[in-house]
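Notes for the one structure printed next.
Note on naming: letters A, B, ... go to the chains in the order of the sequence lines (proteins, then strands), and numbering restarts at 1 for each one.
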There are 2 protein chains.
Amino acid sequence: MAMLTQKHNKSECKSQMLPVRDALDILSGKWKLHIIIALSFGNRRFKEMQKEIEGITARMLSKELKELEMNEMIKRTVYDSQPVIIEYSLTQYGQSLNKVIEELHNWGTQHRRRIMRKSK
Amino acid sequence: MAMLTQKHNKSECKSQMLPVRDALDILSGKWKLHIIIALSFGNRRFKEMQKEIEGITARMLSKELKELEMNEMIKRTVYDSQPVIIEYSLTQYGQSLNKVIEELHNWGTQHRRRIMRKSK
DNA sequence: CAGTATCCTGCACGATACTG
DNA sequence: CAGTATCGTGCAGGATACTG
């Protein structure tokens with residue numbers, strides 16, 4: 001078909017890459033997206049998340065929460081009830097990732113189906 | 001607002017996470033998405049990609065291309081012209097990632113804008 | 001041109017123990 | 001409960017040199 005490399009615009013290509021890299025920078029880390037997904041189902045406390053996200057350690061959860069908070073993706077709220085309750089929630093900004101997550105989920109689902117078909 | 005944790009369905013949450021993890025597994029690695037984006041602008045030869053993807057070494061490009069090929073995201077074609085030309089292209093399957101990339105790009109663009117506003 | 005082969009290093013992440 | 005502190009390690013990824 002396309003024996004010769006098609007005419008292509010390199011600067012256009014690079015301008016496509018930059019924002020993607022930006023996005024990936026925020027989302028880098030093994031657990032960030034999982035945390036965001038968990039919170040997209042409702043606010044959570046530390047221990048709740050730890051149970052829900054299989055395999056994560058307190059250390060990692062703590063670390064990733066901090067980074068997400070710094071980037072204003074999530075919010076940490078302290079309720080000075082008795083006993084004190086600390087709750088994490090998605091910010092508006094964090095919610096703006098839902099499209100990305102949705103597409104990742106869609107693709108992942110298709111992909112999983114494909115894998116299953118093969119391995120039989 | 002939601003002082004108490006909302007009622008939530010944990011299994012639903014986990015079923016959301018699994019496919020996302022699957023997707024990320026394929027896309028893991030610093031350069032995979034960049035390679036796919038480059039190829040989405042047209043077929044490329046090895047050296048072309050290396051120039052286009054800033055910072056990638058031959059070693060990494062080779063490695064990531066191999067993995068992408070194994071997962072049938074890209075295709076390697078040898079044209080036995082004189083001299084031999086080797087061309088990489090996206091498969092149909094690889095193209096199916098365009099939605100994901102588009103959303104990452106959209107979000108990344110927004111995010112970059114936000115960052116710029118802040119840093120001033 | 002289209003890659004390999006070798007060697008090296010940081011740090012992302014895990015395990016475990018501890019704290020107010 | 002909601003984390004922190006410490007220590008250890010694999011391996012993703014870089015640098016550099018080489019090959020058919």
Measure [atom1]/[X] against [atom2]/[N] and give the value in whole Å, please.
| X | N | atom1 | atom2 | result |
| --- | --- | --- | --- | --- |
| B:Glu67 | D:dA12 | CD | C1' | 10 Å |
| B:Ile56 | D:dA15 | CD1 | C1' | 15 Å |
| B:Ile53 | D:dG13 | CD1 | C1' | 15 Å |
| B:Trp31 | D:dG13 | CH2 | P | 9 Å |
| B:Leu65 | D:dG13 | CG | C1' | 15 Å |

Which residue lies more 5' along DNA chain D, comparing A:Val84 with B:Gly55 via nearest heavy atoms | A:Val84
Starting from the 5' end of DNA chain D, give me the residue, B:Glu64 or B:Ala58, whose nearest nucleotide shows up first.
-> B:Glu64
With no hydrogens and no angle check, is any side-chain donor or acceptor of [X] less than 3.5 Å from a backbone partner on [Y]?
| X | Y | answer |
| --- | --- | --- |
| A:Asn43 | A:Leu39 | no |
| B:Lys32 | B:Ser28 | yes |
| A:Glu69 | A:Lys75 | no |

Residue met sooner reading DNA chain C from 5', once B:Arg59 and A:Lys30 are mapped to nucleotides =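 Result: B:Arg59.
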First contact, last contact: which nucleotides of DNA chain C are these for chain B, 5' to 3', heavy-atom distance under 4.0 Å?
->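 First-to-last contact on DNA chain C, by the 4.0 Å heavy-atom rule, is C:dC1 to C:dT6.
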Secondary structure string for DNA chain D (Watson-Crick or G-U under 3.5 angstrom, | for other-strand pairs) | ||||||||||||||||||||
Over 60° means perpendicular and under 30° means parallel, so classify the ring planes of B:Tyr93 and A:His111, tilted if in between.
->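 Geometry flag for B:Tyr93 against A:His111: parallel rings.
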Nearest atoms (heavy-atom pairs only) where A:Trp107 meets B:Ser96 |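 So the two residues come closest at NE1-OG, 2.9 Å.
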At their closest point, which heavy atom of B:Met17 faces which heavy atom of A:Ile53, and how far apart are they?
->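 Closest pair (atom of B:Met17, atom of A:Ile53, distance): CE-CG1, 3.9 Å.
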Presence of salt bridge, B:Glu87 and B:Arg76, under 4.0 angstrom = no
Going by an N to O cut-off under 4.0 Å, is there a salt bridge joining B:Glu64 and B:Lys30?
-> no
Determine the contact category for B:Lys63: base if any of its heavy atoms lies under 4.0 Å from a base atom, sugar-phosphate if only primed atoms, P, OP1 or OP2 are that close, otherwise nothing.
->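 Counting heavy atoms under 4.0 Å across all strands, no contact is made by B:Lys63.
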Would you be so kind as to tabulate the donor-acceptor pairs closer than 3.5 Å made by side chains of residues 54-61 of chain B, with sequence neighbours excluded?
unit_1	atom_1	unit_2	atom_2	d
B:Glu54	OE1	A:Lys14	NZ	3.3
B:Thr57	OG1	B:Met60	N	3.3

